[in-house]
Amino acid sequence: MKKELAKTYDPKGIEDRLYQKWLDGGYFHAEVNPDKKPFTIVMPPPNITGQLHMGHALDNTMQDILIRWKRMQGYETLWQPGTDHAAISTEVKVIKHLAAQGIEKEKIGREEFLKHCWDWRKEYGSRIVNQLYKLGSSADWARERFTMDEGCSEAVQETFIRLHEKGLIYKGNRIINWCPVCKTSISDAEVEHVDQNGFFWHINYPVVGEPGRFVEIATTRPETMLGDTAVAVNPEDERYADIVGKTLELPLTGRTIPVIADEYVDREFGTGCVKITPAHDPNDFEVGKRHDLEEINIMNDDGTMNGLCGKYAGLDRYEARKQIVADLDALGLLVKVVPHTHAVGTHDRCGTTVEPMVKPQWFVAMKELAKPAIEAVKNGDLTFVPERFDKIYLHWLENIRDWCISRQLWWGHRIPAYACSNCGKITVARTMPEKCPHCGGEHLVQDPDTLDTWFSSALWPFSTLGWPEKTPELEYFYPTDVLVTGYDIIFFWVIRMVFSGYEHTGKCPFHHVLIHGLVRDSQGRKMSKSLGNGIDPLEVIDKYGADALRLTLMTGNAPGNDMRFYWEQVEASRNFANKIWNASRFIMMNLPEGEIREPEKYELKPADRWILSRINTVTREVTENLEHYELGMAVQKIHDFLWDEFCDWYIEIAKFRFLLADETAKNAALWTLRTVLSKGLKLLHPYMPFVTEEIYTTLNPEEETIMTSAWPVYEEQWNFKDSEIQMEIFRSMVKGIRNIRSEMNVPTARKTEIFVVPKDDHGKWVFENILKTMQGFERMVFAREFKIMDDKSEVPEDSVTVTLANAVLYIPLNELVDRKKEIERLRNEHEKILKEIARAAGMLKNANFLRKAPESKVYEERMKLARYQAVQAQLLEQLKKYE
RNA sequence: GGACGAUUAGCUCAACGGGAGAGCAUUCGCUUCACGUGUGAAGGGUUACAGGUUCGAAUCCUGCAUCGUCCACCA
């Protein structure tokens with residue numbers, strides 16, 4: 001039973017139906033299969049708070065393309081999906097959600113709050129997954145994981161304990177980045193430096209015992225002076241040499257502080273004297289450690305001044321700044337205020353200015369862990385595509401500081417550490433110890449903190465496969481093959497997965513990292529909620545289909561580069577889907593009920609051989625592009641081949657044979673159409689899964705799906721260079737005729753005679769061959785009659801000419817021939833060809849070129865020159881006719 | 001202060017050592033029996049700039065300019 005396709009491709013309905021079919025068919029599912037080679041990608045787990053945005057769409061389209069391609073190549077292909085608990089994001093959202101109902105986190109307590117979080121996860125965790133369905137993602141949903149599910153949580157705990165045992169996780173009083181709004185510590189990676197316009201306040205600190213003598217310091221944060229415990233100068237600085245060791249009066253506090261000398265101070269900057277606040281500045285903290293200074297914490301967790309600040313206690317840090325400045329001014333100690341722009345650390349999630357604070361936190365010691373991760377890139381075990389991201393990765397790792405992993409949040413993996421309320425010592429253990437191993441005390445309390453959300457993501461490539469158990473999946477699918485992600489999370493995620501992989505599994509978790517850029521709006525701005533310029537991928541899918549969206553995201557997109565989103569481009573992609581749809585529809589309309597016989601090679605016409613040869617080459621090139629992760633390049637070639645060569649040329653040529661009684665010729669055309677279409681659909685399938693599946697299964701009703709059909713391979717037996725050359729001549733003939741008719745404004749309806757005068761016997765053979773084998777081609781050249789002549793004696797005088805390399809075509813256009821216009825046209829062409837000749841001849845005259853250039857290049861230029869010269873001679877002859 | 005990227009047709013981008021390409025836009029045609037979400041033709045570029053290497057450079061090197069991104073403790 002022959003199925004018919006609708007006149008235009010309408011993705012609605014088709015996409016959902018096909019996706020359901022794929023799910024039901026279990027095609028996305030991968031199993032350990034010793035007979036096949038595995039190919040694995042882990043999906044960057046989207047946040048459970050998230051909504052699908054263009055970044056997800058791009059990221060997942062790229063992964064799906066690789067996965068679908070490898071699946072068709074016969075690999076056991078696992079695309080491991082899952083979601084991330086997104087500690088801080090989720091917690092913030094749940095708090096807001098509860099606040100709307102008048103519920104406060106602190107009031108309901110930890111257990112109750114976590115219940116709400118899990119409810120949230122239940123409600124929204126699957127939302128983004130369903131949105132990924134819409135894209136066509138062929139992930140193995142049966143294996144979907146969650147960073148806080150039982151297995152992943154076990155992996156997290158195990159990791160923590162092992163690292164702790166090795167001494168690589170420690171708890172310490174260090175200066176950390178504190179967010180006064182989120183009220184939690186954050187890691188260095190979460191701090192974004194933003195330029196802010198501020199001031200330099202120059203303040204005089206009086207020298208004790210020397211009335212009238214001051215030390216002038218400059219600071220951008222006067223409020224922190226309440227926590228100053230020294231003033232530092234450079235030891236080499238003669239200006240201040242005599243003051244080192246003296247004591248200063250710290251204004252507004254009644255405290256005194258010493259003047260110390262430290263290399264850290266830059267003599268050239270500011271006044272050359274730096275106030276040292278060890279508890280509120282990372283550098284001062286270091287200086288403080290070197291000089292054994294007291295660390296005075298002057299702030300509360302919410303960024304207000306604490307009880308040590310006297311009259312300023314309770315004021316917000318910025319309010320305190322104002323008053324302190326005013327008070328200093330009143331005391332005559334404010335020397336001057338200078339505008340100053342500087343980079344201020346802000347929390348990347350909420351934009352709050354980070355407050356450095358000294359707090360007891362858990363850290364991962366990074367120095368040793370970073371080593372194998374650095375080595376991996378240096379020895380080629382891990383490569384970035386494009387390569388330039390190597391440097392960014394290495395630079396970060398080579399300058400890495402210890403990773404602060406504890407968070408003062410409730411939603412997340414709780415730190416498996418227990419403090420004894422008797423002796424105060426901490427025990428790290430898998431379960432709460434009954435007795436303190438240090439003092440035998442029975443009152444132990446689990447650390448209230450949870451872990452950085454990236455601590456669990458770092459384990460994702462192996463925790464999802466069952467680690468720490470030695471599961472068959474881990475054995476088979478790990479290490480994974482390629483990781484696809486945006487450059488914006490190299491530090492957060494990629495680096496941490498790499499060192500975690502080496503540390504816990506002894507292997508690099510993947511060998512290639514394919515980096516993509518951001519999808520920006522049409523004006524090049526980042527899509528953001530606050531700007532309201534985001535484009536919802538679901539809206540695009542709804543209007544134009546998932547295939548159109550996917551194609552849009554992949555065309556003209558080079559790895560690592562940002563791209564802009566244009567609706568016009570989506571339209572173009574949709575048009576392409578429709579083009580393929582209609583070409584297929586046309587082919588199917590003409591296919592007979594029964595089988596098509598594979599023609600003998602000699603039954604194939606030059607056009608058949610040409611298109612078969614072309615798709616053979618395209619197959620090879622596309623496969624090579626994919627192997628190099630050149631996804632944009634590959635789809636460009638598929639697109640151009642299918643549209644320009646297959647639709648616009650081959651189908652047009654082949655369709656004439658449908659009308660013939662010559663069954664052999666017709667069969668060859670139909671078989672070729674079907675074969676090339678099938679292969680073309682397969683090449684396109686990873687990019688446009690829906691439309692290709694719909695067509696393919698209609699075309700091949702006996703096949704269940706294109707998804708598991710075999711990826712085409714290059715075969716030498718289908719390489720027909722001779723036919724490619726013949727078709728090249730044919731196409732230049734058709735183009736030449738169309739061109740001239742268009743220039744002369746000849747109506748399509750007007751058919752003419754065309755006289756061909758070949759240059760030589762070979763030329764004659766070529767055109768006789770065209771006449772014999774290209775049935776119906778006269779229509780393509782608007783010919784009433786197509787005659788091959790031995791010489792031009794019988795050609796009507798008033799003909800326009802089309803000059804080819806091996807023949808001249810004469811088109812008698814009678815009254816339409818404007819001699820002046822024709823001369824001008826011929827002259828223009830002659831000029832063009834002279835330029836070409838000059839170029840080629842110039843090269844060939846150059847002795848160095850002949851000596852140094854590869855032989856093939858020289859040969860190529862010789863051939864070109866010969867061809868140009870032939871054309872030029874003929875053009876000259878034409879021109880002579882008019883003179 | 002460093003590093004990286006971009007600078008190519010009106011717009012958005014490809015090409016990355018051998019004659020500058022695509023999509024969109026523009027102009028002029030086409031109710032050709034798959035597709036007007038189509039089709040034919042045309043116009044449009046000293047590949048930011050200045051040097052250099054090379055037989056040959058958009059492509060490699062050096063410098064410079066503009067824009068962008070990342071990193072960085074200049075208080």
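Any value given below was found using the heavy atoms of this structure, including those in side chains, with hydrogens, waters and symmetry copies removed. A note on names: the letters A, B, ... follow the listed sequences, proteins ahead of strands, and every chain is numbered from 1.
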**Request:** Just call it for Asn561(A): base, sugar-phosphate, or nothing, with non-hydrogen atoms closer than 4.0 Å on any strand.
**Result:** sugar-phosphate

**Prompt:** Which whole number of Å gives the distance between the P atom of C11(B) and that of A25(B)?
**Reply:** 15 Å

**Message:** Between C28(B) and C64(B), how many Å separate the two P atoms, rounded to a whole number?
**Reply:** 49 Å

**Complete:** Applying the 3.5 Å cut-off to both distances, the Watson-Crick or G-U partner of A25(B) turns out to be none

**Asked** Side chains of Arg321(A) and Pro222(A): does their closest heavy-atom pair fall under 4.5 Å?
**Response** yes

**Lys579(A) vs U39(B): side-chain N/O to OP1/OP2 distance below 4.0 Å** = yes

**Prompt:** What is the distance from CG of Asn557(A) to C1' of A6(B), rounded to the nearest Å?
**Reply:** 15 Å

**Fill in**
Rounded to whole Å, CG of Leu844(A) lies from P of G56(B) at a distance of 15 Å

**Prompt:** Which is true for Pro747(A) with a 4.0 Å heavy-atom rule: it touches a base, it touches only sugar-phosphate, or it touches nothing?
**Reply:** nothing

**Asked** Rounding to a whole Å, what distance do you find between Asp521(A):CG and U12(B):P?
**Response** 12 Å

**Asked** Which part of the nucleic acid, if any, lies within contact of Arg388(A), taking any heavy atom under 4.0 Å across all strands shown: a base, the sugar-phosphate backbone alone, or nothing?
**Response** sugar-phosphate

**Euclidean distance, atom NE2 of residue His628(A) to atom P of C16(B) [Å, nearest integer]** = 12 Å

**Request:** Could you measure between the two C1' atoms, the one in C13(B) and the one in C35(B), and give it in whole Å?
**Result:** 27 Å

**Message:** Rounding to an integer number of Å, can you tell me how far Phe849(A) CZ sits from G18(B) P?
**Reply:** 13 Å

**Spacing of the P atoms in A3(B) and G43(B) (rounded, Å)** = 46 Å

**Asked** Hey, are Glu286(A) and Lys289(A) close enough for a salt bridge, meaning a charged N less than 4.0 Å from a carboxylate O?
**Response** no

**Request:** Could you run through nucleotides 63-75 of chain B and give me one letter per nucleotide, 5' to 3': B if any protein heavy atom sits under 4.0 Å from the base, S if only the sugar-phosphate is that close, - if neither?
**Result:** -------SSSBBB

**Derivation of the salt bridge (charged side-chain N to carboxylate O under 4.0 Å, His left out) call for Lys835(A) and Glu831(A)** = CA-CA 6 Å; Lys835(A) 269 187 203 158; Glu831(A) 229 165 88; 5.6 Å; no

**Prompt:** Is Trp567(A) touching bases, backbone alone, or none of the nucleic acid, heavy atoms closer than 4.0 Å?
**Reply:** nothing

**Message:** Check whether Thr219(A) reaches the backbone of Trp201(A) with its side chain - one donor and one acceptor, N or O, closer than 3.5 Å.
**Reply:** no

**Asked** So what does Arg779(A) hit on the nucleic acid, given a heavy-atom distance under 4.0 Å: a base, only sugar-phosphate, or nothing?
**Response** base

**Request:** Kindly say whether, by distance alone, the side chain of Arg564(A) makes a donor-acceptor pair under 3.5 Å with the base of U12(B)?
**Result:** no

**Request:** Using the C1' atoms only, state how far G40(B) lies from U31(B), rounded to an integer number of Å.
**Result:** 15 Å

**Message:** For the C1' atoms, the ones on A48(B) and on G63(B), what distance do you get once it is rounded to whole angstrom?
**Reply:** 14 Å

**Asked** Under a 4.5 Å cut-off applied to non-hydrogen side-chain atoms, are Gln869(A) and Ile837(A) in contact?
**Response** yes

**Complete:** Quick note, Gln636(A) side chain, CB onward, closest among C30(B), U37(B), A22(B) is A22(B)

**Fill in**
Residue pair Tyr566(A)/Asp644(A) against RNA chain B: nearer the 5' end by closest nucleotide is Tyr566(A)

Polar pairs (N or O, both sides) under 3.5 Å between protein and nucleotides 40-48 of chain B?
{"from": "A41(B)", "atom 1": "O2'", "to": "Ser742(A)", "atom 2": "OG", "distance (Å)": "3.3"}
{"from": "A42(B)", "atom 1": "OP1", "to": "Asn739(A)", "atom 2": "ND2", "distance (Å)": "3.1"}

**Complete:** Rounded to whole Å, the CG-P distance (Leu551(A) to A22(B)) equals 17 Å

**Message:** Does either side chain, that of Asn828(A) or that of Arg825(A), offer a donor lying less than 3.5 Å from an acceptor on the other one?
**Reply:** no

**Whole-angstrom distance between C49(B) and C67(B), as gauged at atom C1'** = 15 Å

**Message:** Check Lys637(A) with Glu630(A), please: is the shortest side-chain N to carboxylate O separation under 4.0 Å?
**Reply:** no

**Asked** Between Ile587(A) and Met633(A), who's closer to the 5' end of RNA chain B by nearest nucleotide?
**Response** Met633(A)

**Message:** Using a 4.0 Å heavy-atom cut-off, does Ala583(A) contact any base of the nucleic acid, only the sugar-phosphate backbone, or nothing at all?
**Reply:** base

**Side chain Glu652(A) and base A34(B) donor-acceptor under 3.5 Å** = yes

**Message:** Please report whether the ring centroid of Trp643(A) lies less than 6.0 Å from that of Phe641(A).
**Reply:** no

**Prompt:** Ile651(A) CD1 to G38(B) C1': how many Å, rounded?
**Reply:** 13 Å

**Asked** Do Arg741(A) side-chain atoms and Pro747(A) backbone N/O form a donor-acceptor pair below 3.5 Å?
**Response** yes

**Prompt:** Are Glu861(A) and Lys857(A) close enough for a salt bridge, meaning some N to O gap below 4.0 Å?
**Reply:** yes

**Request:** Please confirm whether any donor atom in the side chain of Lys391(A) sits under 3.5 Å from an acceptor in the base of C4(B), or the reverse.
**Result:** no

**Request:** Please report, rounded to the nearest Å, how far the P atom of A34(B) is from the CZ atom of Phe576(A).
**Result:** 20 Å

**OP1 or OP2 of U39(B) under 4.0 Å from side-chain N/O of Trp643(A)** = yes

**Asked** Within the structure, does a side-chain N or O atom of Asn575(A) lie under 4.0 Å from either OP1 or OP2 of G38(B)?
**Response** yes

**Message:** Less than 4.0 angstrom from a charged side-chain N to a carboxylate O is my criterion; do Arg239(A) and Asp237(A) meet it?
**Reply:** yes

**Item:** side-chain hydrogen bond (donor to acceptor under 3.5 Å, both in side chains) between Arg851(A) and Asn848(A), worked out
**Value:** CA-CA 5 Å; Arg851(A) 207 173 63 236; Asn848(A) 282 326; 2.9 Å; yes

